[in-house]
Amino acid sequence: MTATTASSPAQWGGHDLGTRTIGYDERDAILYALAVGAGATDLDLVFEDRLRVLPTFALTLAQWAPDALGALGAFDTSTALHGSQSLEVRAPLPRSGQITMSARVGEVWDKGRAAVFEVVVESDFFVATWSLFAPGAGGFGGERGPSAPAAPEGDADLVGTLVTSPDQAVLYRLTGDRHHIHIDPDAAARIGQPRPILHGLCTLAAATLPLARMLGVHPADLTTLFGRFAAPVFPGDTAQVRAWGDAADARFDVVTETGSVLSGGRAVFA
């Protein structure tokens with residue numbers, strides 16, 4: 001391994017990103033559920049009298065942490081990509097309240113042409129880890145890190161449908177991520193996309209709703225989630241959710257007519 005220099009991405013490993021307390025109310029949790037595909041008949045996701053908060057709502061509360069690392073100049077925010085996301089649930093989120101979170105940089109992997117920064121956010125309710133792919137930042141002599149999980153073998157045990165709304169990105173951005181590529185055609189064109197794309201975290205969370213139905217469980221009973229972002233989803237797309245296994249340990253992916261958009265998925269429901 002080569003020596004770490006002052007400008008090496010490796011210097012960010014273990015960096016403390018601080019602590020933040022974020023409050024929310026039932027309206028925020030309901031707006032989030034609607035933004036990831038819940039409907040009027042999902043009363044325990046959209047009606048305050050019966051409300052169960054989707055565990056993936058935690059990812060909107062913790063979005064400040066990867067944004068903070070980018071603001072510090074660890075990588076070029078104009079080219080960095082969200083490579084993968086994990087979530088471990090420690091306790092159900094309350095209907096409303098304040099969540100105190102601490103964040104740090106985990107590992108920084110050297111993929112040769114790119115670096116991958118892990119941002120870890122912890123609270124009493126969850127641990128969430130972002131993997132951020134930074135093109136052009138590799139080659140600093142660090143460890144390459146783990147490989148992508150192997151795809152499940154054989155035909156899927158279950159197949160369901162994920163229908164996205166043409167307005168879904170416009171709605172989801174109101175939960176916190178207002179990057180212009182999700183609403184502005186000119187911004188999308190600058191990253192080589194023909195039109196605005198759906199947020200990766202929206203795709204991942206939205207997939208858990210049909211996945212839970214396929215497995216015969218409630219989406220709010222999610223305890224573990226992981227997925228790699230393989231390609232963009234456009235608002236209005238319809239995709240297949242394919243699952244192997246059962247609610248105790250389900251492997252899944254999401255594919256459209258153009259190919260895989262979410263790979264290496266894993267979900268566990270209580």
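Hydrogens, waters and symmetry mates play no part in the numbers below; they use all other heavy atoms, side chains included. Start at 1 with the first residue, then count along the sequence.
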Problem - Hydrophobic cluster identity match, Leu81 and Val108, side-chain contacts under 4.5 Å - result: no
Practice task
Treat each ILVMFWY residue as a node, draw an edge where side-chain heavy atoms are under 4.5 Å apart, and state whether Val53 and Val36 are in one component.
Solution key: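 In one cluster: yes.
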Is the backbone of [Y] close enough, under 3.5 Å, to the side chain of [X] for a donor and an acceptor to pair up by distance?
X      : Y      : value
Arg251 : Ala151 : no
Gln168 : Ala35  : yes
Arg95  : Leu51  : yes
Arg144 : Lys111 : yes
Trp244 : Gly154 : yes
Thr223 : Val268 : yes

Answer with yes or no whether the side chains of [Y] and [X] bring together a donor and an acceptor at under 3.5 Å.
X      : Y      : answer
Asp186 : His180 : no
Tyr32  : Thr56  : yes
Thr175 : Thr60  : no
Glu122 : Ser102 : no

Handout entry: NZ or CZ of Arg195 within 45° of Phe234 ring axis and under 6.0 Å
Key =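 So Arg195 does make the cation-pi contact.
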Exercise for the section: Check Leu61 against Met101 and note the closest heavy-atom contact, atom names and distance. Expected result: O-CE, 3.4 Å
So, taking the atom named [atom1] in [X] and the one named [atom2] in [Y], what distance separates them when rounded to the nearest 0.5 Å?
X      : Y      : atom1 : atom2 : result
His218 : Leu54  : NE2   : CG    : 8.0 Å
Leu262 : Arg228 : CG    : CZ    : 10.5 Å
Arg27  : Glu48  : CZ    : CD    : 12.0 Å

Problem - Side chain to side chain, Ile99 and Thr21, heavy atoms closer than 4.5 Å - result: no
Handout entry: Ion pair check, Asp249 and Arg266, cut-off under 4.0 Å
Key = yes
Problem - NZ/NE/NH1/NH2 to OD/OE distance under 4.0 Å, Asp221 and Arg52 - result: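 Salt bridge: yes.
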Problem - Ring geometry between His82 and Trp130 (parallel below 30°, tilted from 30 to 60°, perpendicular above 60°) - result: parallel
Exercise for the section: Indicate the ring-plane relationship of Phe57 and Tyr24, choosing parallel, tilted or perpendicular according to the 30° and 60° boundaries. Expected result: perpendicular
